[in-house]
Every structure is written in C-alpha cells, then in structure tokens.
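Working notes, structure below.
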Amino acid sequence: MKYDFAAIEKKWQEHWEQVKPYAAETGSNKPKFYGLVEFPYPSAAGLHVGHPRPYTALDIITRKKRMEGYNVLFPIGYDAFGLPTENFAIKNHIHPAIVTKRNIENFTRQLKMLGYGFDWDRVVDTTDPSYYKWTQWIFLQLYKKGLAYKTTMPVNWCTSCKCVLANEEVVEGVCERCGSEVVRREKSQWMLGITKYAQRLIDDLDGMDFIDRVKAQQINWIGRSTGAELKFQTTAGDELLVFTTRPDTLFGATYMVLAPEHPYVKKWMDRIENREAVLAYVEEAARKSDFERAELNKDKTGVRLEGVRGINPVNGREIPIFISDYVLVTYGTGAIMAVPAHDERDWAFARKFGCEIIEVVKGGNVEEAAFTLKDDTGIMVNSGFLDGMTVKEAIPAITKWLEEQGIGREKVNYKLRDWVFSRQRYWGEPIPLVHCDKCGWVPLPESELPLLLPQVDSYELTDDGESPLSKMSDWVNTTCPCCGGPARRETDTMPQWAGSSWYYLRYMDPHNEHEPVGKPAEEYWGPVDWYNGGMEHTTLHLLYSRFWHKFLYDIGVVHTKEPYAKRTSHGMILGKNPHYVGNVETEEEKQALLDKYGNQATRPAVKMSKSLGNVVNPDDVVKAYGADTMRLYIMFIGDFEKTATWSDEAVKGAKRFLDRCWNLLEMAKDSAAVTPENESAIHKTIKKVTEDINTLKMNTAIAAMMALVNDFYSRGLSRGDLEPLILLLSPFVPHLAEEMWELGGYAARYGKMAMQMSWPVYDEAKTQDAVREMAVQVNGKLRSTIRLAADAPDEDVIAAACADHKVQRYLDGMELVKTIVVKNKLINLIVKPAK
RNA sequence: GCCGGUGUGGUGGAAUGGUAGACACCAGGGACUUAAAAUCCCUUGGGAGCAAUCCCGUACCGGUUCGAGUCCGGUCACCGGCACCA
C-alpha cells in the first residue's frame with residue numbers, strides 16, 4: 001500500500017476537528033503547561049515558510065507534554081491591526097476589516113493544513129471589539145496612573161507611511177517597515193512611561209530562563225549608565241545641568257556643548273553676539289533627517305555661543321559654550337561638559353574648534369588621541385585634591401565633593417526613551433479619550449468601552465499628518481463625559497504593538513466579558529512556561545509586553561512579575577540567492593554578478609523575496625509532499641537557533657524517510673514482543689528523542705529516529721518494535737503516526753489515538769550495550785579499536801589493548817610509562833623508548 | 001567603536017575535553033525493470049599504496065592537557081544587534 005499523505009492528512013484533520021483533542025481545561029488537576037508562539041500578522045501573502053519553524057517546534061514540545069500527562073494550553077491568534085492591511089485596503093478600495101477577515105481565513109486554513117495542535121476555541125483577534133475593548137481598558141489604567149501622557153516633542157516621522165514611529169521602529173535611520181526616510185517632526189503625541197520601569201526591566205531578567213542573547217540585547221537597548229549630574233554656573237546667570245559618566249575628569253572640562261534644541265539657546269538669544277550663525281545652525285540641525293545625522297556621523301560641526309560662558313565649579317575657570325548636534329537633546333540633560341583629553345568625540349571636536357586639551361588621567365598621549373580607559377591603570381593628575389588617585393577612587397571622591405557643595409549627585413541614566421504610542425492611521429485601536437476645552441483630556445467611562453472604530457468609506461491618508469479619523473466630524477465631535485460640554489475625540493490610534501502586548505493573557509480566558517482575564521484562569525495558567533519568537537521582537541514586542549505585564553502586576557490584574565518564564569528564539573529561513581557568484585563558472589560571469597549586485601552576490605543565501613523569485617509557499621510544499629514532510633523537513637533543516645537555507649532537494653529526503661517509515665508496517669512481523677536485537681537501539685532512541693525535544697534539538701532527534709529505521713531495515717522488526725517508534729514520531733508527524741497506529745492495530749488494542757498514549761519511557765539499563773568498542777590510543781594517537789565486555793576492569797582493558805596486533809607495533813622496543821582508561825570509551829597508552 | 005554569535009567534507013549539518021564527519025542532500029556503482037521513475041543494496045573528507053596499512057585534516061598562530069573541533073591567549077573573516085547615549 002502506498003503512503004497517500006493527502007488522504008491521510010485530510011482524514012485526521014477532520015477527525016481532530018470533531019473530537020478536539022487539543023482543548024485546554026482551566027483548573028484541571030494535571031500539571032499545566034502553557035506553550036506560546038508569537039501570533040502571526042495575517043498578511044495578504046499568506047503564511048511564509050518561516051512561520052512553520054517555530055510553530056512546529058512548539059507543537060512538538062506541547063504534544064510531547066500532553067503525552068507526558070500535562071494539561072496543555074497551546075493557543076493561536078491574529079495580530080491583525082496594522083499598516084500593511086490598511087495600505088492594501090487603500091490601494092484596492094476594500095475596507096481593512098474585510099481584508100483582515102479574508103486574510104485570517106486564509107491563515108487559519110493554512111495553519112490547520114499543517115496539523116498544529118492549537119486550541120481553536122481560544123483564538124484571539126486583536127481587531128475584534130471584544131478584544132480591543134480590553135486593550136483600551138488597559139490604556140485607560142495606564143492613563144489613570146500617569147503612565148500615559150500627551151506631550152509635544154520631536155518624533156520620528158516616516159515620510160511614506162505619514163505616521164510617527166517609536167524609536168524601536170527606526171532602523172538605521174529609515175522606517176523599519178517600508179524603508180523610507182525618517183525625519184524629525186515636532187508633534188503632540190501620546191507617550192507611555194516605559195522608562196519608569198527601566199530598572200525593573202533589567203533587574204527582573206535575572207532568574208528568567210531567556211536565551212542569553214535576548215537578555216543581552218534588552219539590557220543593551222535599555223542602556224543603563226551610572227555617573228553624576230552636576231550644575232555649572234554661567235555668565236548668563238542660569239545654571240546649566242549636565243550628565244557625565246566621568247565626574248572624575250571634571251578638572252579637564254575645558255568647554256561645554258548644548259544640543260541645538262536645548263531651551264537655553266532660545267532663552268539666551270538676546271545675549272548671544274553671533275545670533276545669525278547660531279540660528280542658522282539650529283535651523284540646519286532641525287532640517288537634517290536621522291539618516292543624514294547617522295551618515296555624517298563623526299564629522300563634528302558646531303557653533304560657539306559668543307557672549308555666554310560656563311564656569312567650571314571645581315576651579316572657577318570660565319570656559320566656552322558651543323552648540324553641536326553631536327549632543328542629543330533626548331539623552332541626559334541635553335548638555336555636556338566636554339573633556340577632550342578623555343573622550344573621543346570631545347577630542348575630535350576640540351581639535352576642529354581649537355579648544356584646550358588638559359590631561360587629567362595619566363596613561364596615554366592626549367596630543368595624539370583621547371585616553372578613555374576607566375580602569376585602575378590611570379592615575380589622576382592636574383586635578384587638585386584628586387591627584388594621585390586611580391580613576392576608580394576618584395569617582396566616589398568627586399561625587400562626594402559635589403554632594404557636599406550641593407551642586408551635584410550620583411545619577412543613573414537610560415538610553416531607553418518613553419514609548420511614542422500614537423499613530424496617525426485608521427486601522428488601529430481608537431484611543432478612548434476626549435478633549436474638552438474646559439476639562440482638558442478626559443477618559444471615557446469604562447462602561448463606554450469598547451470605543452468602536454467608526455465605519456467609514458474613506459480612510460485615506462491626510463497630507464497634514466493628522467489621522468484619517470480627524471476628517472470624520474460626526475465621530476470626532478462628542479460631549480465631555482465630565483461636564484457635558486462639547487468635546488473632541490482623540491483621532492490618533494494605537495500602534496500595532498498595543499494588541500500584542502497582552503494577548504497571551506487573553507488566551508487564558510478568551511470569552512470573559514467582564515475582565516481582560518479572570519483571576520482563576522490567570523492564576524492557573526500564568527506565567528507562560530515557554531515562549532518562542534523572533535529575535536527581531538526583542539526590543540519591540542518582547543520589551544513592550546514585559547512592561548505592560550509589570551504594570552498589570554502593579555494594579556493587581558496578574559500575579560507574576562514577568563509574563564514569560566522561558567524565551568527561546570528561532571533563526572530565519574533563507575532562500576537560495578539566484579545571483580550568487582558561486583552559481584557561475586567563469587571569472588567574467590562572477591565579475592558581472594559582482595558589478596551588478598555588489599555585496600549581495602557574495603552570499604549563497606538571502607531573505608526570500610518576490611523580486612528574487614526564491615519564495616517558498618507552504619501550500620505548494622504541502623501539496624507536493626504533505627504536511628508531515630513539511631513539518632519534518634523544517635525541523636531537520638538545522639540548528640533551530642541559526643539561520644537556515646531552504647533546499648528543495650533536501651525536502652525529498654524528509655519525504656523519503658516518511659515513505660520508509662510507512663513501509664515498516666508491512667515489514668513488521670506480527671508479534672507484540674520486542675525483538676531482543678532491537679531492544680537496545682529502541683531504548684537509546686527513546687532517550688535521545690526525549691532529551692533532544694526538551695532542548696529544541698529536533699534535528700538530532702529526527703536523525704536518531706532515522707538511524708533506528710535504518711536499523712529496522714537491516715535487522716528486521718516486529719509490531720512490538722514499531723510501537724514505540726510510532727509514538728516518538730507522533731509529535732513530529734501526527735497524521736502519519738495516527739494512520740500507522742490505526743493500521744498497525746494499536747488503536748484497536750489500546751482504544752486511544754497515538755497522541756493520547758503515554759510518552760514512551762526508556763530503561764537506562766537497556767540503553768547500555770553489553771559489548772563495547774573502545775578506542776586504543778598510543779601517545780594520544782588512535783591506533784586501533786578493541787571489543788570488550790561493558791565495565792571491564794582496567795587491567796583487562798590494558799591487557800587487551802597491549803595484546804592487539806596493530807597496537808603491538810607501536811609498543812615494540814618501547815617502555816609503557818602510563819595508561820589512561822576512560823571507562824567503556826578509550827584507553828591511552830603512554831610509551832617512551834626503552835633504555 | 002561597543003555587545004552577542006559563527007567559522008567542520010561538494011552541500012545542510014553531528015560530536016558531556018576522549019574513535020571528527022552521526023543523520024541527510026548531492027554524486028557514483030549495483031539489483032529490479034523492455035525502459036524510465038520509484039524502491040532496495042553498496043561507495044563517498046583529502047592524499048599515498050595492488051594490499052595490509054600509513055600520512056594529512058575542524059579559519060589562522062600559539063598555549064594548557066596523556067588527549068583539543070571543544071578549554072585559554074592572540075589574529076583574521078563573516079553574521080546579528082546597538083551606535084555622536086556624554
């Protein structure tokens with residue numbers, strides 16, 4: 001009989017639809033396990049071949065957990081608000097809600113096609129009013145606690161999306177999504193006070209089972225640095241506050257720099273003698289896009305403020321003040337004390353503008369370059385009472401002095417900025433606040449949630465940078481919940497990251513009409529035991545949702561400080577590069593590719609894209625080989641954490657393996673007994689697969705099962721031998737496993753599906769071979785192998801090794817000085833020439 | 001520049017400090033077949049040799065060790081993140 005994957009997969013998917021074997025039961029007595037994958041954005045393109053990688057991995061893990069007796073929650077949903085859908089809708093004149101519905105249907109079909117064990121009764125859709133009601137509710141709680149506030153500030157503005165972006169959404173000066181130029185604009189925006197949680201977001205990573213690179217990247221992004229904040233007097237009378245991580249170098253501060261946007265620049269305009277030059281510079285800086293700032297990088301520019309000088313508090317010296325865009329208004333105090341001798345940027349600026357360079361830490365040559373080491377090797381000089389100290393001693397000493405003088409204190413700063421939370425677009429959650437001329441911003445009463453997105457015909461972009469909602473006067477004009485007077489609704493919507501910041505909680509209790517999540521459900525299921533997702537979300541979704549969770553913890557909605565106990569991450573799936581130089585033979589052809597595609601041509605594999613024609617559609621793979629082959633191959637492709645390249649040839653290998661498994665049914669002798677010669681191999685395989693699934697090493701788990709199948713082909717097998725193999729296969733290739741389970745008569749015998757059986761257990765004793773092959777080394781070089789009974793005493797091992805005819809040649813005329821025996825593995829004979 | 005990671009056959013990739021290359025893909029050979037596909041079996045890191053067997057091999061240089069792909073120091077290359085953050 002042939003392995004008819006199409007019929008088998010259809011049959012079992014329909015069966016599972018009926019019996020719902022993946023339903024999670026809140027409050028069950030079994031131990032719980034909550035496995036989570038990042039819910040997809042339902043794009044028009046459908047499922048990408050990258051999606052099945054993490055989904056299959058967690059599907060395998062949760063299926064195994066079920067077989068191990070856990071009550072498993074493995075949910076799925078759709079993160080469906082967002083710009084691509086809105087842009088698609090505008091272009092094709094379809095309402096985004098319709099586009100979304102259609103895309104979700106397609107994604108659902110594809111996910112079911114792949115046989116995932118999701119609990120389909122808990123599906124969450126962020127655009128569903130019964131869901132975003134609670135997204136809005138959480139926003140109102142943030143507002144009530146002062147963590148949501150509206151402020152005018154320079155923001156990242158995408159010139160193509162016509163929308164603001166969070167810092168996390170700007171990559172190398174361009175829009176993360178569309179790649180267009182990002183400029184700075186002054187706009188009034190809703191902000192979330194994530195910086196208030198900066199320290200906790202660092203501290204609570206401790207003890208979490210997150211892979212190291214996720215922790216490192218988050219800590220990096222939050223960017224904590226310790227130093228001092230101190231005041232400089234100025235000849236204008238105002239005090240200038242600066243932040244420095246090197247208070248020890250205060251004696252070397254020979255000038256100051258303000259960001260061009262620093263408020264004092266305007267304030268001092270009357271005193272500034274070179275007004276025109278200063279104004280011109282400020283204007284130019286404002287015009288520069290982030291991209292230009294990054295491009296122009298190290299080339300320092302600036303203007304000296306003539307007529308105002310700062311006073312170094314430690315020695316009373318008057319020093320010049322500059323403005324320059326190498327000082328950022330968004331970090332620290334927007335003003336610095338410059339110590340050119342010990343800071344590379346200050347040094348470059350000082351050289352260009354002829355500022356004085358005073359060495360205050362010995363150890364370098366400050367005429368040649370800035371000396372920036374902050375360890376014990378440098379000794380303070382030219383620094384009054386700090387002279388002779390190391391840098392490490394000088395920092396607390398000067399900090400103490402600043403405190404005593406009342407002009408400074410120790411200070412911690414973070415690179416993390418508050419989260420720009422409003423978007424000037426239609427397809428997002430409406431922000432549930434109104435503005436009243438009398439009362440200011442007023443939150444909607446919770447009873448009025450959800451505030452529905454108005455149904456309108458036109459949601460085209462406006463050119464003035466306002467949300468499309470601002471054009472809908474019927475919706476915008478309302479009454480103030482506070483005084484009853486006329487008021488206007490907020491017309492900006494929330495960013496895509498809003499709905500995804502708490503969706504894992506909704507899965508626990510998806511139909512609750514009274515709370516975002518009920519207490520019993522949250523206390524039973526929380527926290528998520530294992531969350532897998534992309535590295536690209538480390539400083540976006542993962543950070544944002546940890547922040548929201550901590551806030552919900554503070555207001556008593558959840559009982560854990562952290563949402564996710566464990567976080568792993570998968571590598572991307574790349575496609576073959578059609579322009580790779582390795583594809584062609586001659587030097588001329590290679591050069592032609594290099595000329596045309598540059599660096600691109602040097603890479604064998606690249607991101608899949610329509611324009612390169614290397615996109616793999618899961619539908620096509622499933623049609624040609626079946627879902628089980630797709631699942632198996634995507635797990636076998638390589639180390640889960642690393643990027644991997646899709647190979648059409650290698651898929652066939654996965655299919656071939658499943659064919660070989662299928663044929664075992666007919667090959668197996670009709671006996672329920674385990675064949676003695678297969679027993680050890682079976683137990684070893686159970687052990688290997690069990691351990692490898694736990695550590696996400698699906699590729700080697702599959703390799704072990706392949707090896708066992710090869711053994712069965714060469715040695716023959718019984719129905720009893722096949723039984724545990726089917727159970728091991730079942731999380732990986734559930735359709736094939738169930739069919740074999742049924743056809744092999746196991747289903748009838750146990751009255752259960754394979755997935756409902758207990759996970760096979762191995763007997764450690766039976767994983768041990770009675771006879772071992774041991775390596776024999778002479779002076780560390782492999783010379784022979786010998787076969788001995790397991791756990792043979794060292795004397796026997798040495799005797800057998802010395803007696804081996806290959807080994808003897810190396811012992812001839814030599815004196816045995818030492819032997820090293822590694823039990824059951826290896827013996828090393830150390831010899832030297834006999835005297 | 002800073003942080004994190006990687007470097008192993010023609011290819012994807014395996015190897016708690018202990019027989020490098022498991023398992024696959026590709027390729028080659030054989031069986032079956034009128035033939036092809038599929039399937040099954042065999043070979044497959046490089047080099048020398050009729051053979052037994054030997055030599056060389058995990059980016060490069062050095063070190064620790066009886067023994068290093070693995071640990072330590074240094075170098076190079078590539079990938080990911082951050083980047084004028086004071």
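Numbered from 1 within each chain, the chains take letters A, B, ... in sequence-line order.
Mapping A:Thr244 and A:Lys652 onto RNA chain B by nearest heavy atom places A:Lys652 at the nucleotide closer to the 5' end. Residue-to-nucleotide proximity on RNA chain B shows that, of A:Asn220 and A:Ala644, the 5′-proximal contact is made by A:Asn220.
Across all strands, A:Lys697 comes closer than 4.0 Å only to sugar-phosphate atoms, never to a base (heavy-atom distances). Backbone-only contact: A:Tyr810 has heavy atoms under 4.0 Å from sugar-phosphate atoms and none from a base. When heavy atoms are screened at a 4.0 angstrom cut-off, A:Arg224 is found touching no nucleic acid atom at all. Backbone-only contact: A:Ile830 has heavy atoms under 4.0 Å from sugar-phosphate atoms and none from a base. Contact annotation for A:Glu773: base contact, defined as any heavy-atom pair under 4.0 Å involving a base atom. Among the heavy atoms of the strands, none lies under 4.0 Å from A:Gly223. Among the heavy atoms of the strands, none lies under 4.0 Å from A:Asp212. Residue A:Thr819 is classed as having no contact, given no heavy-atom separation below 4.0 Å to the nucleic acid. Among the atoms of the strands shown, base atoms are found under 4.0 Å from some heavy atom of A:Thr785. The residue A:Gln777 sits close to a base: some heavy atom pair falls under 4.0 Å. Nucleic acid contact for A:Ile637: sugar-phosphate only, since backbone atoms but no base atoms lie under 4.0 Å from a heavy atom of the residue. Among the heavy atoms of the strands lying under 4.0 Å from A:Asn710 are primed sugar atoms or P, OP1, OP2 only; no base atom is included. A:Phe657 comes within 4.0 angstrom of nothing in the nucleic acid, heavy atoms only. Residue A:Asp346 is classed as having no contact, given no heavy-atom separation below 4.0 Å to the nucleic acid.
Note on ring orientation: taking the six-membered ring where Trp is involved, the planes of A:Tyr331 and A:Phe243 are perpendicular (angle over 60°, cut-offs 30° and 60°).
Nearest to the side-chain atoms of A:Ala703 among the listed nucleotides B:C23, B:C84, B:A86 stands B:C23. In this structure, of B:C40, B:A22, B:A24, it is B:C40 that holds the atom nearest to the side chain of A:Arg660. When distances run from any side-chain atom of A:Glu649 to the nucleotides B:C25, B:U19, B:C55, the shortest one goes to B:C25. Comparing B:C66, B:U53, B:C41 by their closest approach to the side chain of A:Tyr713 singles out B:C41. The listed nucleotides are B:U53, B:C84, B:G18; the one nearest the side chain of A:Asn828 is B:G18. Out of B:A14, B:C25, B:A86, the shortest distance to the side chain of A:Thr700 is found at B:A14.
Listed pair A:Lys781 / B:G67 fails the phosphate criterion, with no side-chain N or O lying under 4.0 Å from OP1 or OP2. The phosphate of B:U39 has neither OP1 nor OP2 within less than 4.0 Å of any side-chain N or O from A:Asn663. A close approach under 4.0 Å does occur between a side-chain nitrogen or oxygen of A:Ser225 and OP1 or OP2 of B:A86. The phosphate of B:U19 (OP1 or OP2) has no side-chain N or O of A:Arg787 nearer than 4.0 angstrom. Residue A:Arg603 has no polar side-chain atom (N or O) positioned under 4.0 Å from OP1 or OP2 of B:A77. Contact check, A:Arg656 against B:C25: a side-chain N or O comes under 4.0 Å of OP1 or OP2.
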**Study point:** Derivation and outcome, ring-ring contact (aromatic ring centres under 6.0 Å, His included), residues A:Phe349 and A:Phe322
**Key:** CA-CA 10 Å; A:Phe349 187 90; A:Phe322 292 83; 5.1 Å; yes
Review point. Can A:Asp648 and A:Lys576 be said to form a salt bridge (Lys or Arg N to Asp or Glu O under 4.0 Å), step by step?
Key: CA-CA 10 Å; A:Asp648 287 324; A:Lys576 294 235 165 74; over 6 Å; no
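For the P atoms, the distance linking B:G73 with B:G5 amounts to 13 Å, nearest Å. Taking atom P on both B:C2 and B:G67, the two are 36 Å apart, rounded to the nearest angstrom. Atom C1' of B:G17 sits at a distance of 15 Å from the matching atom of B:G63, rounded to the whole Å. With C1' as the reference atom, B:C60 and B:A86 are 39 Å apart, rounded to whole Å. Taking atom P on both B:C3 and B:U8, the two are 25 Å apart, rounded to the nearest angstrom. Spacing of P atoms, B:A68 relative to B:C32, comes out at 50 Å, to the nearest Å. Nucleotides B:U70 and B:G57 place their P atoms 14 Å apart, quoted to the nearest Å. Rounded to the nearest Å, the gap between the P atom of B:G80 and that of B:G29 is 41 Å.
Atom pair A:Ile702:CD1 and B:C25:P shows a separation of 13 Å (rounding to whole Å applied). Spacing between atom CG of A:Asn824 and atom P of B:U16 amounts to 17 Å, rounded to whole angstrom units. In this structure, A:Gln600 atom CD and B:C79 atom C1' are separated by 14 Å, rounded to whole Å. We find that CG of A:Asn779 is positioned 15 Å from C1' of B:G18, with the value rounded to whole Å. Rounded to whole Å, atom P of B:G18 lies 14 Å from atom CD1 of A:Ile820. Atom NZ of A:Lys352 is separated from atom C1' of B:C84 by 13 Å (rounded to the nearest Å). Atom CH2 in A:Trp221 sits about 17 Å away from atom P in B:G80, given to the nearest Å. Spacing between atom CZ of A:Phe636 and atom P of B:U11 amounts to 17 Å, rounded to whole angstrom units.
Remark: side-chain polar atoms of A:His342 are paired, donor with acceptor, to backbone N or O of A:Val360 under 3.5 angstrom. Looking only at distances, no side-chain donor or acceptor of A:Tyr633 sits under 3.5 Å from a matching main-chain atom of A:Lys652.
A salt bridge links A:Arg246 with A:Asp248: the distance from a Lys NZ or Arg NE/NH1/NH2 to an Asp or Glu carboxylate oxygen falls below 4.0 Å. Remark: A:Glu691 does not engage A:Lys697 in a salt bridge, criterion side-chain N to carboxylate O under 4.0 Å. Salt bridge A:Asp791/A:Arg772: absent, no basic N to carboxylate O contact under 4.0 Å.
Residues A:Cys802 and A:Val807 fail the side-chain proximity criterion, which asks for heavy atoms closer than 4.5 Å. With contacts defined as side-chain heavy-atom distances shorter than 4.5 Å, the pair A:Leu736/A:Trp662 qualifies.
Counting distance only, with no hydrogens placed and no angle test, the side-chain atoms of A:Lys415 and the base atoms of B:C82 include no donor-acceptor pair under 3.5 Å.
Cation-pi check for A:Arg660 over A:Tyr713 is met; the charged atom lies under 6.0 angstrom from the ring centroid and within 45 degrees of its normal.
Secondary-structure stems of RNA chain B, taken as three or more successive Watson-Crick or G-U wobble pairs (i with j, i+1 with j-1) under a 3.5 Å distance threshold, comprise B:1-7 with B:76-82, B:10-12 with B:23-25, B:27-31 with B:39-43, B:45-48 with B:53-56, B:59-63 with B:71-75.
For A:Gln600 and A:His579, the side-chain atoms include no donor-acceptor pair closer than 3.5 Å.
Taking the O4'-C1'-N9-C4 or O4'-C1'-N1-C2 dihedral as appropriate, B:G67 has a value more than 90° from 0 and is therefore anti.
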